[in-house]
Chemist: 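Sharing a structure, written as C-alpha cells. Questions coming.
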Amino acid sequence: MDGRYPGYKHTDIAMPRSYASHYFLLPLLVALFFTAGCDAFKPDDETETGGFVSLSGQVLNATTSEPIAGAFVRILPIDLLVETTSDGLYDAVVEIDSTMDLSIRATKDGFSEASTQILALAERTITVPNLSLTPTADAPRESGRAANMLLLSQTASVIGVRESGSEEVATLTFQLADSVGRPVILNRSSRIRFSFGVHPGGGEEIAPLEAQTNDQGQVDVTLSSGTRAGVVQVIAETDVAGRTVRSQPIALTIHGGHPDSAHFSLGPVRRNFPGLNAVGLTNEITVIVGDKFSNPVRPGTSINFNSTHGIIGGSTLTDADGRGSVNLTSANPLPPDGIAHITAVTADDQQNTVTSTTPVVFSGTPDVQISPPLARVNQAYTMTITDVNGNPLVAGTSVSVVAEGTAVKATGNVDFQIPETTFSGGMNFEHVVRREGTTRFKFFVVEDVDPDAPAIPAVSSITITLDGENGSLEIVLLPDPNSAPRVVTHGPGRAVSERIDNGYRFSIVPSIFDRRN
C-alpha cells in the first residue's frame with residue numbers, strides 16, 4: 001500500500017503516446033462551448049436585424065388641407081424617390097440591414113419643403129405622419145368647375161334714397177367657387193349676370209349687368225338707389241356645363257331721406273283723455289315722418305316735442321317706418337279750458353324747420369243736464385253730456401236709459417257710447433265739435449201696451465246711468481213734481497244736482513285731487 005493515500009490501492013498506468021494532442025484540442029473545445037453559450041443568451045429580436053419595411057403616408061396643402069398630387073417624397077438614407085397620387089398618397093417598400101432612423105422628405109414646385117423622422121424596424125408596416133406643404137407666392141393655383149356663387153363682401157347693407165344726403169351706392173363682391181370651395185381660377189372663369197329680385201321700383205339700378213370673374217373667381221356689381229325706400233334683392237348667376245349656378249338673393253335696405261313738411265303727421269292715440277281728473281295719466285303722442293318722395297325718413301331721425309300744458313317727452317328717434325312716439329302726462333300746468341296744444345319739430349335737408357301742432361282735450365268729471373226733470377208717459381227728453389268745461393267726455397263712456405212702470409218703454413238714445421272727440425276748423429276750445437250724437441242726445445218714454453194683456457200706461461221712474469273714465473253717475477227721474485231727482489256716484493267724489501231752466505243739472509264734486517304714479 002502507498003502511504004500517501006491510506007486505504008487506496010495504487011496502480012501504475014502508463015501515459016498514452018497521444019497525451020500531447022489532448023493539450024492541443026482542449027482550447028478548441030472551450031472556445032466552441034463559449035461561442036454556443038453566448039448565442040443561447042442573445043435576444044430573439046436580434047437574431048435577424050435586416051429585412052423590408054413598408055411605408056405609407058399622405059402629402060397635404062397646409063393652407064387648405066387638400067391633398068397635393070405629384071409631390072415627390074424622398075426616403076433617406078436609402079435615397080428612394082416616390083411620387084404622390086391624385087389623393088396625395090404614397091407608399092414604398094425599403095430594405096434595411098438593421099433597425100434604423102429614416103428621414104421622409106416631401107417637395108413640390110410652388111410649395112415649401114416638409115420632412116419627418118421615423119424609426120424603421122424590419123418586417124413592419126409603418127404609417128408616416130402627414131406631411132403638410134405651405135404654398136409659396138409663386139405656387140400654381142388649381143380649381144375645379146364652378147359650382148357655387150357666394151357673396152364675399154359688400155360695402156353697405158343700408159343706403160339712402162336719391163338726394164337723401166346718405167350713401168346712395170353699395171358695391172357687392174361675389175365669389176365663384178368649385179365644389180370644394182376653391183376660388184375658380186382664370187382659365188375656368190365665367191361671365192356673371194346680375195338682376196333684381198324684389199325691389200321698390202323707384203328707379204334703382206345695378207351696373208354692370210354682366211361681368212367676367214377674375215383669377216380669384218371674384219366679380220363686383222354696384223347698386224344705386226332710386227327715389228323709393230324699401231328692400232332690394234340682388235342676384236348673381238352664370239351657366240356652367242348646362243347648369244345654372246345662382247347666388248341666394250342678397251337683400252339690402254334703401255332708407256328714406258330727410259323730413260318733408262308735406263309728409264309730417266302728428267296726433268295723439270287719444271284725442272281726449274281724463275287729464276283733469278288725476279295727475280300722472282299718460283297719453284301717447286305719435287309722429288309719422290316721410291321724405292319728399294313719400295318714403296319713411298331714414299331711421300334715427302330726431303323729432304323734438306313741446307306742450308302748452310302737462311309734461312311731455314322731449315324727443316324721439318324714428319324707426320324704420322318713420323314713426324316715433326312720446327308720452328304726454330297729466331300734470332301742472334293743467335289747461336283751464338281743457339285744451340292743450342302739442343308741437344313736434346324737426347328739420348329738412350336745407351335745415352328749414354318742419355313742424356306740426358295737434359290739440360288734446362284734458363277732460364274732467366261728468367256734467368249731465370236733463371230736461372224736463374219729471375218722469376212722464378209720451379214725453380220727449382233732451383240730455384246734454386259734457387265735462388265741467390263743456391268738453392265731451394272720453395270715448396267709450398257708456399250711457400243707458402231705462403223707463404220703469406206699466407206698459408211703457410224708453411226709445412231713442414237709450415243705450416250708446418260717447419264717440420271720440422273731434423275738432424273742426426281749428427284747434428281751440430271753440431273748435432271742439434259739440435252736436436247731436438256727441439254731447440247732445442234725445443230719448444222718449446212711450447206707451448208699450450201688450451195687446452194680449454192691455455194695461456193703462458204709467459211710468460214710475462226713469463233711470464239714466466253713465467259710466468266711464470271721467471266718472472260715474474246714476475240719475476233717477478220721478479213722476480212726482482214735488483220730488484227732486486235722485487243722483488248718486490259709484491266713484492270718487494260727491495254727486496250733486498241743481499235746478500236749471502226746464503230741467504236739472506247733475507255733476508260730481510271731487511273730494512280730493514287724485515294722484516297716480
Side-chain angles (χ1 to χ4, degrees), residues 50-153 173-192 212-220 236 238 240-241 243 245 247:
F52 294 93
V53 179
S54 296
L55 305 177
S56 63
Q58 188 176 29
V59 179
L60 302 176
N61 186 316
T63 302
T64 65
S65 297
E66 297 175 2
I68 297 179
F72 290 104
V73 178
R74 187 178 299 276
I75 303 168
L76 298 172
I78 308 300
D79 201 22
L80 176 66
L81 186 68
V82 294
E83 186 176 4
T84 59
T85 66
S86 60
D87 295 324
L89 300 173
Y90 67 91
D91 57 67
V93 176
V94 298
E95 185 177 6
I96 58 175
D97 295 330
S98 62
T99 299
M100 63 186 302
D101 289 326
L102 297 180
S103 175
I104 315 297
R105 185 174 303 166
T107 58
K108 168 80 174 179
D109 288 343
F111 292 85
S112 61
E113 181 181 289
S115 63
T116 188
Q117 299 285 329
I118 63 169
L119 179 65
L121 301 176
E123 309 305 327
R124 299 287 180 91
T125 297
I126 299 174
T127 300
V128 180
N130 290 341
L131 295 172
S132 296
L133 307 186
T134 302
T136 58
D138 57 349
R141 298 176 59 251
E142 298 179 355
S143 75
R145 194 165 55 195
N148 300 289
M149 182 78 72
L150 309 171
L151 177 67
L152 185 64
S153 65
T173 300
F174 288 90
Q175 175 77 70
L176 192 61
D178 65 12
S179 59
V180 295
R182 294 176 299 187
V184 172
I185 59 178
L186 192 60
N187 62 3
R188 291 183 179 271
S189 68
S190 296
R191 192 154 189 84
I192 310 301
Q212 195 81 15
T213 57
N214 61 19
D215 194 43
Q216 301 297 319
Q218 298 172 13
V219 63
D220 293 340
T238 188
V240 178
R243 171 175 170 264
V245 178
S247 72

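Side-chain atoms are counted along with the backbone in the values below, which use heavy atoms only and exclude waters and symmetry mates. We number each residue from 1, following the sequence as shown. Bear in mind the structure is a predicted one, so any value in this text is a computation, not a measurement.
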Chemist: Can you tell me if Q58 uses its side chain to pair, donor with acceptor, with the backbone of L131 under 3.5 Å?
Modeler: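 Checking the backbone N and O of L131 against the side chain of Q58, no donor-acceptor pair under 3.5 Å is found.
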
Chemist: Would you confirm whether D91, through its side chain, and S56, through its main-chain N or O, come within 3.5 Å as a donor-acceptor pair?
Modeler: no

Chemist: Can you tell me if D215 uses its side chain to pair, donor with acceptor, with the backbone of L186 under 3.5 Å?
Modeler: yes

Chemist: Taking the side chain as every heavy atom from C-beta outward, state whether V53 and I126 have any pair of such atoms under 4.5 Å apart.
Modeler: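 Sidechains of I126 and V53: in contact.
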
Chemist: Any idea which heavy atoms bring T84 and G70 closest together, and the distance?
Modeler: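 Minimum heavy-atom contact is OG1-N, 3.0 Å.
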
Chemist: So, the side chain of T63 versus the backbone of T134: is there a donor-acceptor pair under 3.5 Å, distance only?
Modeler: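 Answer holds: no.
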
Chemist: Can you give me the closest heavy-atom contact between A114 and S132, atom names plus distance?
Modeler: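 That closest heavy-atom pairing would be CB-O, 3.5 Å.
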
Chemist: Can any side-chain N or O of T136 pair as donor or acceptor with the backbone N or O of G110 at less than 3.5 Å?
Modeler: yes

Chemist: Quick one: pull up CG in L121 and CZ in R124 and give me the separation to the nearest 0.5 Å.
Modeler: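 Output value for this atom pair is 4.5 Å.
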
Chemist: If we only count heavy atoms from C-beta on, is the M149 to I192 side-chain gap below 4.5 Å?
Modeler: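 M149 reaches I192 side chain to side chain.
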
Chemist: Between V128 and Y90, is there a side-chain heavy-atom distance shorter than 4.5 Å?
Modeler: yes

Chemist: Any side-chain to backbone donor/acceptor pair from T238 onto S190? Under 3.5 Å, distance only.
Modeler: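 Judged by distance alone, no pair lies under 3.5 Å.
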
Chemist: If we only count heavy atoms from C-beta on, is the I104 to V73 side-chain gap below 4.5 Å?
Modeler: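 Yes, side chains in contact.
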
Chemist: The criterion is salt bridge (charged side-chain N to carboxylate O under 4.0 Å, His left out); which residues satisfy it with R145, sequence neighbours excluded?
Modeler: none

Chemist: Quick one: closest heavy-atom pair of V59 and A71, and the distance?
Modeler: CG1-CB, 4.1 Å

Chemist: Under 4.5 Å between any side-chain heavy atoms of V245 and R243, yes or no?
Modeler: yes

Chemist: How long is the span from the OG1 atom in T116 to the CZ atom in R105, to the nearest 0.5 Å?
Modeler: 11.5 Å

Chemist: With no hydrogens and no angle check, is any side-chain donor or acceptor of N61 less than 3.5 Å from a backbone partner on S65?
Modeler: no

Chemist: Starting at NZ of K108, measure out to CD of E113 and round the result to the nearest 0.5 Å.
Modeler: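 Result: 15.0 Å between the selected atoms.
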
Chemist: Supply the atom-to-atom distance L176 CG to R191 CZ, rounded to the nearest 0.5 angstrom.
Modeler: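 Atom-to-atom, L176:CG and R191:CZ are 13.5 Å apart.
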
Chemist: How far apart are the closest heavy atoms of S86 and A69, and which atoms are they?
Modeler: CA-CB, 3.6 Å

Chemist: Looking at every heavy atom in both G144 and R182, which two are closest together, and how far apart are they?
Modeler: N-NH2, 3.5 Å

Chemist: With rounding to the nearest 0.5 angstrom, report the OG1 to CD1 distance, T127 to I118.
Modeler: 9.5 Å

Chemist: For the backbone of D178 and the side chain of N148, can you confirm whether one donor and one acceptor N or O come within less than 3.5 Å of each other?
Modeler: yes

Chemist: Using a 4.5 Å cut-off on heavy atoms from C-beta on, say whether the side chain of P77 contacts that of L102.
Modeler: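 Of all side-chain heavy-atom pairs linking P77 with L102, at least one is under 4.5 Å.
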
Chemist: How long is the straight-line distance from CG of L133 back to CG of N130, given to the nearest 0.5 Å?
Modeler: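 Between N130 CG and L133 CG, I get 10.5 Å after rounding to 0.5 Å.
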
Chemist: Work out which heavy atom in A92 is nearest to a heavy atom in L80; give both atom names and the distance.
Modeler: CB-CD2, 3.8 Å

Chemist: Hey, which of I75, L76, L81 is the one that makes side-chain contact (heavy atoms from CB on, under 4.5 Å) with D79?
Modeler: L76

Chemist: For the backbone of L152 and the side chain of T173, can you confirm whether one donor and one acceptor N or O come within less than 3.5 Å of each other?
Modeler: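 No: the side chain of T173 does not pair with the backbone of L152.
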
Chemist: Does the side chain of Q218 come within less than 4.5 Å of T213's, by heavy atoms?
Modeler: no

